[in-house]
A.B. asks: 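Handing you this structure, nothing more for now.
In what follows, every heavy atom counts, from backbone to side chain, and hydrogens, waters and symmetry copies are set aside.
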Amino acid sequence: MLSSVLPSGPPITVVGIGADGWDGLGEQGRAALLAARTVLGGPRQLELLPSEVTAARVGWPTPLRPAVPTLLAEHAHAGLAVLASGDPMFFGIGRALAEVAGADRLRVLPHPSSLSYACARLGWPLESTEVVSLVGRPLETLNLALQPGRRVLVLSADAATPAAVAELLTRQGWGATRLRVLEQLGGPAEHHLDGTAAAWPHPPGDPLNVIALDCAADGPRHSLVPGLPDGSYESDGQLTKRHVRAATLATLAPSPGELLWDIGGGSGSIAIEWLRAHRDCRAVTVERDPVRAGRIARNAAGLGVPRLRVVTGPAPAALAGLPTPDAIFVGGGLTAPGLLDACWAALPVGGRLVANTVTLESEALLTEWYRRHGGELLRLAVAHAVPVGGFTGWRQAMPVTQWSVVRETRSETHRGTREDTA
């Protein structure tokens, strides 16, 4: 995420433009471009401008986002305008511009977005339609949005995206999903393609396209709340089991924009379900075993959160240099020298720490940290009904001891021995 801000200066006008080009711009947008000294934009957008626009035309490089601070610093003089696709503040360049230049410096003139056009053509209510951007994002990002009967709009990266989406859907059990590709929306060359994922018949078309998905009613279903079935994960047995996982995520309490450290990732289930809680959640998982680290990445992609960052290495050494977490989960390696000390030192005021264990040695360690820092210490026990001869009985899973705490101060003062006053 870009965080630097340019020094104060003259306003920067951001003009949204659609496939209808100059003819589709309002009076304010045309006036801003005619008065500009420099116009930044993509090559396709710059080609839509007529010769009457005499400003110097500077194309965005690839990749775009890392270049934004440098280009703005070079051209942010009086008379700078930026061209953006459709609505600049909706999956557009506007976000990066606001982060770098400061929102108060921007004058944004939006155009109807391709998504608004798509919903108008399809008769879909925009507010209840899922939107996924595959521009600069892994294809597997789409997996999180797939639910039976759900309507999804996909912002394509290029002309090859529709076929790639069709292949992904078919592979994931969504082959009956209807695909409609809407090209050049709002422009004179607007064109629509139709088909199903499993039998997508069309070759690559126009790179400027939006994909509309009517997800199959009988497709595979993954709950959005924590506690996915254990079978949802590829695992070698190092997996926080479903019911304990649900309780752990509830205690970690993910919130949009927050960062989780998941230490001792195993199969990655805690970090993955943290990310599934909201698309703005962030997570880093630390796993010392390279085979397991690769498995975590596959699980994250399959469950729609390929943005999970996987760090391969032993903790606490592998924690060095990681961004400050809002919450930390320790699911393995608790007895590693200095691990809990490193986690506690990294935790900001208000940050949450949750640690689970099934061993007596680690339980003793957690009991000591509970004595020193407070929080909550509890034991989670789950039993499953299983056949016992011709009858049914309970099989008890190993109980899990969990310590959770919210850091209230940066002081290292230890508490005295706690007594149960219940």
Side-chain angles (χ1 to χ4, degrees), residues 91 114-115 118-119 121-135 137-158 160-182 192-202 204-205 209-235 239 242-243 245-246 249 254 267-269 271-281 295-308:
F91 289 99
S114 59
L115 301 172
C119 283
R121 302 295 187 266
L122 298 165
W124 291 0
L126 182 56
E127 74 274 8
S128 60
T129 299
E130 188 81 14
V131 177
V132 176
S133 175
L134 295 182
V135 180
R137 296 173 175 85
L139 181 66
E140 291 83 3
T141 303
L142 179 59
N143 285 336
L144 184 58
L146 302 177
Q147 294 289 342
R150 188 72 168 150
R151 292 169 169 173
V152 183
L153 289 178
V154 181
L155 294 171
S156 284
D158 51 36
T161 304
V165 166
E167 193 278 330
L168 172 72
L169 292 171
T170 303
R171 186 174 70 249
Q172 297 286 76
W174 296 92
T177 294
R178 183 184 181 187
L179 269 72
R180 281 172 280 184
V181 177
L182 314 176
H192 301 177
L193 303 171
D194 202 339
T196 63
W200 184 247
H202 305 287
N209 71 82
V210 172
I211 307 169
L213 306 178
D214 280 297
C215 293
D218 59 349
R221 180 182 180 277
H222 288 295
S223 173
L224 295 178
V225 300
L228 294 178
D230 295 343
S232 302
Y233 294 93
E234 179 187 345
S235 173
L239 173 71
R242 179 181 191 176
H243 299 92
R245 189 185 331 127
L249 264 296
S267 301
S269 62
I272 288 169
E273 295 190 28
W274 169 282
L275 291 174
R276 285 174 60 86
H278 194 276
R279 65 184 177 189
D280 287 338
C281 285
R295 186 179 295 121
I296 290 170
R298 291 193 298 274
N299 283 333
L303 290 168
V305 288
R307 66 186 185 277
L308 174 60

A.B. asks: Quick one: closest heavy-atom pair of E130 and A145, and the distance?
C.D. replies: CG-CB, 3.6 Å
A.B. asks: Can W200 and L179 be said to form a side chain to side chain contact (heavy atoms under 4.5 Å, CB included), step by step?
C.D. replies: CA-CA 8 Å; W200 184 247; L179 269 72; 3.6 Å; yes
A.B. asks: Do any N or O atoms from the side chain of R307 and from the backbone of C281 form a donor-acceptor pair under 3.5 angstrom?
C.D. replies: yes
A.B. asks: Is a side-chain N or O of R180 found less than 3.5 angstrom from the main chain of D194, in a donor-acceptor match?
C.D. replies: no
A.B. asks: Of all the heavy-atom pairs spanning L308 and A271, show the shortest one and how long it is.
C.D. replies: CD1-CB, 3.7 Å
A.B. asks: Kindly say whether L146 contributes a backbone atom to a donor-acceptor pair with the side chain of N143 at under 3.5 angstrom?
C.D. replies: no
A.B. asks: Would you say the side-chain atoms of T196 pair up with the backbone N or O of A176, donor to acceptor, closer than 3.5 Å?
C.D. replies: no
A.B. asks: For R245 and H243, indicate whether the former's side chain and the latter's backbone hold a donor-acceptor pair under 3.5 Å.
C.D. replies: no
A.B. asks: Check whether any side-chain N or O of T129 sits under 3.5 Å from a backbone N or O of R151 as a donor-acceptor pair, and report yes or no.
C.D. replies: no
A.B. asks: Check the pair S156 / N209 against side chain to side chain donor-acceptor pair (under 3.5 Å), numbers first and verdict last.
C.D. replies: CA-CA 6 Å; S156 284; N209 71 82; 2.5 Å; yes
A.B. asks: State, with a plain yes or no, whether a side-chain heavy atom of L155 is found less than 4.5 Å away from one of L134.
C.D. replies: no
A.B. asks: What heavy-atom pair brings I272 and S267 nearest, and what distance separates the two atoms?
C.D. replies: CD1-O, 4.2 Å
A.B. asks: Might you point out which heavy atoms bring P226 and E273 nearest each other, and give the distance in Å?
C.D. replies: CA-OE1, 3.1 Å
A.B. asks: Where do T177 and C215 come nearest, in terms of heavy atoms and distance?
C.D. replies: OG1-CA, 3.6 Å
A.B. asks: Calculate, to the nearest 0.5 Å, the distance between atoms CG and CG belonging to L142 and L169 respectively.
C.D. replies: 6.0 Å
A.B. asks: Against S269, only a single residue in L228, L249, L239, I296 fulfils side chain to side chain contact (heavy atoms under 4.5 Å, CB included); can you say which?
C.D. replies: L239
A.B. asks: Hey, mind stepping through S235 and D230 against side chain to side chain contact (heavy atoms under 4.5 Å, CB included) and telling me if it holds?
C.D. replies: CA-CA 9 Å; S235 173; D230 295 343; over 6 Å; no
A.B. asks: Closer than 3.5 angstrom, by distance alone: can the side chain of S223 be matched with the main-chain N or O of V225 as a donor-acceptor pair?
C.D. replies: yes
A.B. asks: At what distance, to the nearest 0.5 angstrom, does CG of L168 lie from OG1 of T161?
C.D. replies: 11.5 Å
A.B. asks: Tell me if the CZ atom of R221 is crowded by more than 12 foreign heavy atoms within 6.0 Å.
C.D. replies: no
A.B. asks: Testing D214, I211, V132 one by one against V152 for a side chain to side chain contact (heavy atoms under 4.5 Å, CB included), which residue passes?
C.D. replies: V132
A.B. asks: Do the non-hydrogen side-chain atoms of H222 and S232 ever get within less than 4.5 Å of each other?
C.D. replies: yes
A.B. asks: Is a side-chain N or O of E234 found less than 3.5 angstrom from the main chain of N299, in a donor-acceptor match?
C.D. replies: no
A.B. asks: Write down the atom of P148, the atom of A217, and the distance for their closest heavy-atom approach.
C.D. replies: CB-O, 3.2 Å
A.B. asks: List the steps, then state whether side chain to side chain contact (heavy atoms under 4.5 Å, CB included) holds for W174 with L213.
C.D. replies: CA-CA 10 Å; W174 296 92; L213 306 178; over 6 Å; no
A.B. asks: Might you work through the side chain to side chain contact (heavy atoms under 4.5 Å, CB included) test for R276 and L303, ending with a clear yes or no?
C.D. replies: CA-CA 8 Å; R276 285 174 60 86; L303 290 168; 4.1 Å; yes
